[in-house]
Number of protein chains: 2
Amino acid sequence: MSSSEGPRRPVGINDVAARAGVSPGTVSNVLNRPERVAESTRRRVERAVQELDYVRNSSGRSLRSGRSDSVGLLVLDVTNPFFAEVARGVEDTAGEEGLAVVLLNSAEQAARQRRSIRLLAEQRAAGAVIMPVDGDTTDLLWLRKQGVPGVLLDRGDVSAETACSVSVDNHAGGMAAGRHLINLGHERITYLSGPAELEQCRTRLEGLRAAVAESGGDPDRAVRVIRTAQLNAESGEKAVEEVLAGGPRRRPQAVFCTNDQLAVGVLKGLGERGLSAPGDLSVVGYDDVNLAALVHPGLTTVAQPKYELGRAAMELLLSELNDQEHHHERLRFAPELVVRGSTAAYRP
Amino acid sequence: MSSSEGPRRPVGINDVAARAGVSPGTVSNVLNRPERVAESTRRRVERAVQELDYVRNSSGRSLRSGRSDSVGLLVLDVTNPFFAEVARGVEDTAGEEGLAVVLLNSAEQAARQRRSIRLLAEQRAAGAVIMPVDGDTTDLLWLRKQGVPGVLLDRGDVSAETACSVSVDNHAGGMAAGRHLINLGHERITYLSGPAELEQCRTRLEGLRAAVAESGGDPDRAVRVIRTAQLNAESGEKAVEEVLAGGPRRRPQAVFCTNDQLAVGVLKGLGERGLSAPGDLSVVGYDDVNLAALVHPGLTTVAQPKYELGRAAMELLLSELNDQEHHHERLRFAPELVVRGSTAAYRP
DNA sequence: CAGACCGATTAAAACGTGTCAATGGCCATG
DNA sequence: CATGGCCATTGACACGTTTTAATCGGTCTG
């Protein structure tokens, strides 16, 4: 078609208007409210659009409207399959509404989170789904003051006056894991936790302790806590040393990990020392990522509805964007224990 | 500070200028070329910026400049850990340059790829890193015609006249896996491939066949190919049935999978049938994702420098954006065989 | 002392779009 | 035929920023 060489200047709505013999305003109408324009002119404009290969400029659009058509998704770690699955849910839902998703990665660092939030403000993002690094909601509030509403993900402890939130009941999850282990006869349980700042780590522990108390045990005696710096398999593998410290007699009968990655690391670490689950030790994870079903033995774990979590968060955000009457909502899913091969009854 | 209620209208560069008693142009200069403005006024402006909590509007910015400060990253599958690792490399590098990364997901569908590319054009993205669904480069060329340069990832077969590209030598990778298996004495090898459109699948197979030929074998006899619809563990698990078809005597001695996920699925499928690697069958994967080291037995696989791949792609893109003199470059990394427990010598 | 020059600042014009009040043409009604 | 009303279209402006050329006050030079 166009045989002209070199980078020509981009074609705008005015060029289309000229070509179709109408005013720019009409072209805009064809693009945004086609019903307002007569059929014949509409076709003429559409043809001009095709011939010139016009693509609209979203800078101009959002400058005029004060709002862009992309939403932010701020996650703690792109490489964690849990977040990837959540992202898929968010993305699918946003896509159905014609919104683009900007994926930002805080890598669990408050400074990076702050940078990302500032970026969203500069972009005048339509909204954001945020998994915060810590309990501090000032960043979120600031963003909202700038006109960008946010939905919290995986943070059940935030008041509904602040924002919508979607989470899974971590207390119930911890309890489910605890009950399972107790029913199997385990009395000394080690809880392998990630960084203490993460609410998930703390609440799941409380659930575990509640399960112990419920069965008449003393949480302070029965549950020992070990912290790792990060939530990945490597950290879990390293932690095995500490888990086993104290020798075979004082060794725990079960390990409950706050995350599947950690749990898989533990399985590996055990193997390296000639031990294995569930023979020497029962192991429970959390999340039910793909991986959990694939390792040997299959990992008993607390499943979270990951994809639905992302979808629900985005739907809440959409409701806040579209409905004139909006009340913040606190949505909470129920986790589900999935029993596989890594846990078994205690044999003294 | 500000105790005013309700959503106030956003503060712009003009408000800052008024507050500081200067013209908007000066504020812009303070923000973008501070050296041009006198120290005293600069401080005055900076103070006004702080007091008003001004955040700049990137729509206005990029409307004026014709270019936004975000780059696109189009991947085939967000949930695949290989891509997640690549994304991390891209994001880190872009972040150092102050560029935001818009992550888009084609889910291996040409239609979604097209939509995403259109979106990047509308945003007037500064550039893009693209992992194309198929060999068709028209989308890429169209995007470039719209003024958005793109770097191809994982597509070594594209001419350097079209665009920069970064890839890992798939032929060499296939060959490394092939040689390894041949050295172990395996003579009947099944290649478990993903969709035929993906160049990676085809080229790795060629490498495998080359290794067979090199050792004096006949590729057509020694290598059998099975295709799966997707590149995930589930597909691999399902494919086991077909892999084993023909009974114990005609069963392959080794399976080379185009992807670790597939390989892990195969391991699982074998287990379900009472078989295991490497006792009954050797299994080799590709990518060396985290998972590969964590399953039992550890997966022998062809490692790719994932993070570096992302980083290099972004650096190439940056060079194209910043250097006035730019020549397209074809960067190719070397893969590396990682031997773990899933392969062993053939015992008849 | 006149003129040139310099650095700091400003005024104004653009970028591409959406919206809204105003315009024009047309038909139906009185 | 005159009037009113309706619909399709238009013209002009606003959004927030960057940039260029112009302006201003002041200092140096001949």
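The chains referred to below are lettered A, B, ... by the order of the sequence lines, with proteins before strands, and numbering in each begins at 1. Side chains are part of it too, since the values below use all heavy atoms of this structure and drop only hydrogens, waters and symmetry mates.
- With respect to A:Arg311 and A:Glu308, no salt bridge is recorded, no charged nitrogen being found less than 4.0 Å from a carboxylate O.
- Taking atom CG of A:Asp69 as the reference point, atom C1' of C:dG18 lies 14 Å away to the nearest angstrom.
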- [ ] May I have the step-by-step check of salt bridge (charged side-chain N to carboxylate O under 4.0 Å, His left out) for B:Arg112 and B:Asp139, ending in yes or no?
- [x] CA-CA 12 Å; B:Arg112 285 189 65 163; B:Asp139 281 355; over 6 Å; no
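- The residue B:Asn14 sits close to a base: some heavy atom pair falls under 4.0 Å.
- When the C1' atom of C:dT17 is taken as reference, atom CZ of A:Arg33 falls 12 Å away, rounded to whole Å.
- Around atom CD of B:Glu325, no more than 12 heavy atoms belonging to other residues, nucleotides or ligands sit under 6.0 Å away.
- One interatomic measurement links the two molecules: CG of B:Asn29 to P of C:dG7, which rounds to 15 Å at whole-angstrom precision.
- A donor and an acceptor atom, one from each side chain of A:Thr162 and A:Thr137, are nowhere located under 3.5 Å apart.
- The 12-atom threshold is exceeded at CZ of A:Arg42, counting heavy atoms of other residues, nucleotides or ligands nearer than 6.0 Å.
- Residues B:Ser319 and B:His326 have side chains that bring a donor and an acceptor to within less than 3.5 angstrom of each other.
- Salt-bridge annotation for A:Glu85 and A:Arg88: present, with a side-chain N of the basic residue lying under 4.0 Å from a carboxylate O of the acidic one.
- A donor-acceptor pair shorter than 3.5 Å can be found between the side chains of B:Ser68 and B:Ser70.
- Side-chain atoms of B:Asp154 and B:Gln200 form a donor-acceptor pair, as typed in the model, at a separation below 3.5 Å.
- Note on A:Gly12: only backbone sugar-phosphate atoms sit closer than 4.0 angstrom, heavy atoms only; bases stay farther off.
- Counting any heavy atom pair closer than 4.0 Å across all strands shown, B:Thr26 reaches a base atom.
- Within 4.0 Å of A:Ser28, counting heavy atoms only, lies at least one base atom of the nucleic acid.
- Residue whose closest nucleotide on DNA chain C sits further toward the 5' end, between B:Arg36 and B:Arg64: B:Arg36.
- Distance A:Arg61 CZ to C:dT17 P: 9 Å, rounded to the nearest Å.
- Rounded to 10 degrees, the angle separating the terminal axes of the helix from C:dC1-D:dG30 to C:dG30-D:dC1 is 60°, with each axis obtained from five end pairs.
- In this structure, B:Asn57 places its CG atom 17 Å from P of C:dG16, rounding to the nearest Å.
- Protein chain A contacts DNA chain D from D:dA8 to D:dG16, reading 5' to 3' and using non-hydrogen atoms of the protein with a distance under 4.0 Å.
- Counting any heavy atom pair closer than 4.0 Å across all strands shown, A:Thr41 reaches sugar-phosphate atoms only and no base atom.
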